[in-house]
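Since we're looking at a predicted model, the values are computed, not measured. Letters A, B, ... mirror the listed sequences (proteins, then strands); counts begin at 1.
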There are 2 protein chains.
Amino acid sequence: MRLRLSTWNVNSVRLRVEQVARFVDEQAPDVLCMQEIKCQEGEFPRAAFEAVGLPHIRIAGQKGWHGVAIASRLPIEDVAPLQVCREGHARCVGAKVAGVEIQNFYIPAGGDIPDREVNPKFDHKLDFFEKLTAEMAGRDPKAPLAIVGDLNVAPGEFDVWSHKQMSKIVSHTPIELEAFARLKSSLDFLDLPRAAIPEPEKLFSWWSYRAADFRKSNRGLRLDHILVTPGLRDAAFRSGAASARVHDDVREWERPSDHAPVSADFGI
Amino acid sequence: MRLRLSTWNVNSVRLRVEQVARFVDEQAPDVLCMQEIKCQEGEFPRAAFEAVGLPHIRIAGQKGWHGVAIASRLPIEDVAPLQVCREGHARCVGAKVAGVEIQNFYIPAGGDIPDREVNPKFDHKLDFFEKLTAEMAGRDPKAPLAIVGDLNVAPGEFDVWSHKQMSKIVSHTPIELEAFARLKSSLDFLDLPRAAIPEPEKLFSWWSYRAADFRKSNRGLRLDHILVTPGLRDAAFRSGAASARVHDDVREWERPSDHAPVSADFGI
DNA sequence: GCTCGAGGGG
DNA sequence: CCCCTCGAGC
């Protein structure tokens, strides 16, 4: 059986219900992880997800900002909540589906100045990576676990439109790349979209709203990720190669999120 | 030839372009006077009006608030601008079409407390009526002139859902009714919608957004008016009776203004 | 309720 | 450029 896992920073789930329904109709994810739902749990449009066949839902919401959710075709088992957000924001929600633990994150963007000492948002971002890395380091790599979401780091030189220009910009500074790499090493995580679309091909999942024509300028970043433990390697490579992609056409829809969904398939 | 003159407080012309286009398609006004366009002159969606056959436009706009405009199928001649708004708001625009002078107003709502001494908005509203009445008093009643717009007064007891309850509420207090009556007397103006739909029939042009179902509660007010001088009486009664109406169905459209358009026909 | 402005965040 | 929070105004 195929399990399709998708992650999407929807930038307000209430404003994007139609686009989410269309994406689920067209791509049939079995589990959809969302970030920046920007609502409280009670404001989440549950009926729209039930209507589209994803009735099992876990939500970590707050008023107006951040917020993450997981909607699933299959029943969800609870998992122990992680304590990785120093500021108490709704940036993390977990679920276990078909024996696979899924941890869904919206990691802080980190502000403009890439200096922990002067920019508390940047400090919070690195602290989030450190807490998460420490949490993962105590786990069994053979347990099937996926870390997904908007991690707000473009980890490789082909994950940004210009490695040189972006190296000074928050999301692609050396210190963030190291933080991402340490997280990845903690459990020997596998980067599934990159396994499916290897470097040096450029791969982006986010394009700024500010560009008039995002296709033309194509100044994108790969901020949205699906990382899996060695315990999921066989399931991810069931058909010989990894099956994962960025749904960049979604970025062209009416009133889009600035992020495109990212998906990976597992044989379970 | 029939000249149809319509007035509509659109509550943001940029947000309401589709509804305006639909109204013009369905009702074919020759002159459409709008209030609360809520934009500057350069932000006015001219192309939409050209597309729908009203290419001749006069605009008095300001940033974000108030703002009035006249769009016409026939060419417009300029008229001398009136100085009736003490605060310098964009609340008045004039035009001459087919020999008829049209003065289009968005008179101040007047705040909550019906007392000039303590409420400067109420004072401004009465001052606006006084200045306008004085201006009209110096004119020739036989010159064809129409005063239209959101005058923010429901002038008669059948122009409100409850005369008793509304008599303490700004828009229907005795002092406002007197101000309206003095304006009407200044040139012996004729109230065309009332001539077409006589008292005691209730006639409203505005229903609050706050009512869940405006038809059911029907707590409306007649705030939008078409007043004409004796010089236009024959044209307005060309077919024997006055032809004027409130397009209350428009209040039921998707994302409506809280005001319905009001129209009157002239034989010219 | 609905639409603005201003301010924060991305 | 887009989306949130507030608060004002009607």
Side-chain angles (χ1 to χ4, degrees), chain A residues 9-16 19 35-40 43 61-67 87 89-91 106-113 119-122 124-125 150 152 169-171 206-214 217 219 221 223-224 251 253-259, chain B residues 9-16 19 35-40 43 61-67 87 89-91 106-113 119-122 124-125 150-154 169-171 205-214 217 219 221 223-224 251 253-259:
Chain A
N9 179 323
V10 292
N11 193 9
S12 176
V13 70
R14 287 176 294 177
L15 231 57
R16 223 73 71 190
Q19 292 87 334
Q35 305 85 39
E36 284 203 83
I37 62 170
K38 289 186 175 172
C39 66
Q40 292 169 294
E43 300 166 332
Q62 68 178 81
K63 192 180 177 186
W65 299 102
H66 322 310
E87 307 295 333
H89 300 162
R91 292 182 177 274
Y106 173 52
I107 291 186
D112 288 333
I113 303 160
N119 177 0
K121 288 180 195 154
F122 195 71
H124 181 214
K125 181 177 194 170
D150 178 0
N152 262 316
I169 306 296
V170 172
S171 68
W206 173 90
W207 294 262
S208 169
Y209 279 126
R210 292 174 215 199
D213 182 341
F214 89 96
S217 58
R219 297 193 168 187
L221 305 177
L223 303 178
D224 302 278
R251 185 63 180 75
W253 291 357
E254 280 281 298
R255 282 170 54 88
S257 168
D258 46 353
H259 293 253
Chain B
N9 179 323
V10 292
N11 191 8
S12 175
V13 71
R14 287 177 294 178
L15 232 56
R16 223 74 68 193
Q19 291 88 334
Q35 304 85 38
E36 284 204 83
I37 62 171
K38 290 186 174 172
C39 66
Q40 291 169 296
E43 299 165 332
Q62 67 178 80
K63 189 180 178 187
W65 299 101
H66 321 309
E87 307 294 333
H89 299 162
R91 293 181 176 275
Y106 173 51
I107 291 188
D112 288 333
I113 304 159
N119 177 1
K121 289 179 196 155
F122 195 71
H124 181 213
K125 180 177 195 171
D150 178 1
L151 307 188
N152 262 316
V153 173
I169 305 295
V170 172
S171 68
S205 67
W206 174 91
W207 295 262
S208 169
Y209 279 126
R210 291 174 218 194
D213 182 342
F214 88 96
S217 58
R219 297 193 167 188
L221 306 175
L223 303 177
D224 302 279
R251 185 64 180 75
W253 292 357
E254 280 281 297
R255 280 170 59 85
S257 167
D258 44 353
H259 294 253

Checklist entry - Is there a side-chain contact between A/Asn11 and A/Gln35 (heavy atoms, below 4.5 Å)? => result no
Checklist entry - What are the bounds, 5' to 3', of the part of DNA chain D that sits under 4.0 Å from heavy atoms of chain B? => result D/dG9 to D/dC10
Checklist entry - Can you list the residues that meet the salt bridge (Lys or Arg N to Asp or Glu O under 4.0 Å) rule with A/Arg14, with sequence neighbours excluded? => result A/Glu43
Checklist entry - Is the backbone N or O of A/Arg255 less than 3.5 Å from a side-chain atom of A/Arg16, with the two atoms forming a donor-acceptor pair by type? => result yes
Checklist outcome for this item: Walking DNA chain D from its 5' end, the first of A/Ser12 and A/Ala211 to be reached, judged by nearest nucleotide, is A/Ala211
Item to check | Verdict with reasoning, B/Lys121 to B/Val170, per side chain to side chain contact (heavy atoms under 4.5 Å, CB included) | outcome: CA-CA 11 Å; B/Lys121 289 179 196 155; B/Val170 172; over 6 Å; no
Item to check | Side-chain donor/acceptor of B/Ser205 to backbone N/O of B/Asp224, under 3.5 Å | outcome: yes
Between the protein and nucleotides 6-10 of chain C, which nitrogen or oxygen pairs are less than 3.5 angstrom apart?
from, atom 1, to, atom 2, distance (Å)
C/dA6, OP2, B/Lys63, NZ, 3.4
C/dG10, O6, A/Arg210, NH2, 2.9
C/dG10, N1, A/Arg210, NH2, 3.0

Item to check | Euclidean distance, atom CG of residue B/Leu15 to atom P of C/dG1 [Å, nearest integer] | outcome: 18 Å
Next on the checklist: How many whole angstroms separate atom CZ of B/Arg255 from atom C1' of C/dT3?
Outcome noted: 9 Å
Next on the checklist: Between B/Val153 and B/Ile107, is the side chain to side chain contact (heavy atoms under 4.5 Å, CB included) condition met? List the steps.
Outcome noted: CA-CA 9 Å; B/Val153 173; B/Ile107 291 188; over 6 Å; no
Checklist entry - Looking across every strand, which nucleic acid part, if any, lies under 4.0 Å from B/Arg14 by heavy atom: base, sugar-phosphate, or nothing? => result nothing
Item to check | B/Ile37 CD1 to C/dT3 P, straight-line distance once rounded to whole Å | outcome: 16 Å
Next on the checklist: Pair B/Phe122, B/Asp112 - check side chain to side chain contact (heavy atoms under 4.5 Å, CB included), show working.
Outcome noted: CA-CA 8 Å; B/Phe122 195 71; B/Asp112 288 333; over 6 Å; no
Checklist entry - Any idea how A/His89 and A/His124 line up, ring-wise: parallel (<30°), tilted (30 to 60°), or perpendicular (>60°)? => result perpendicular
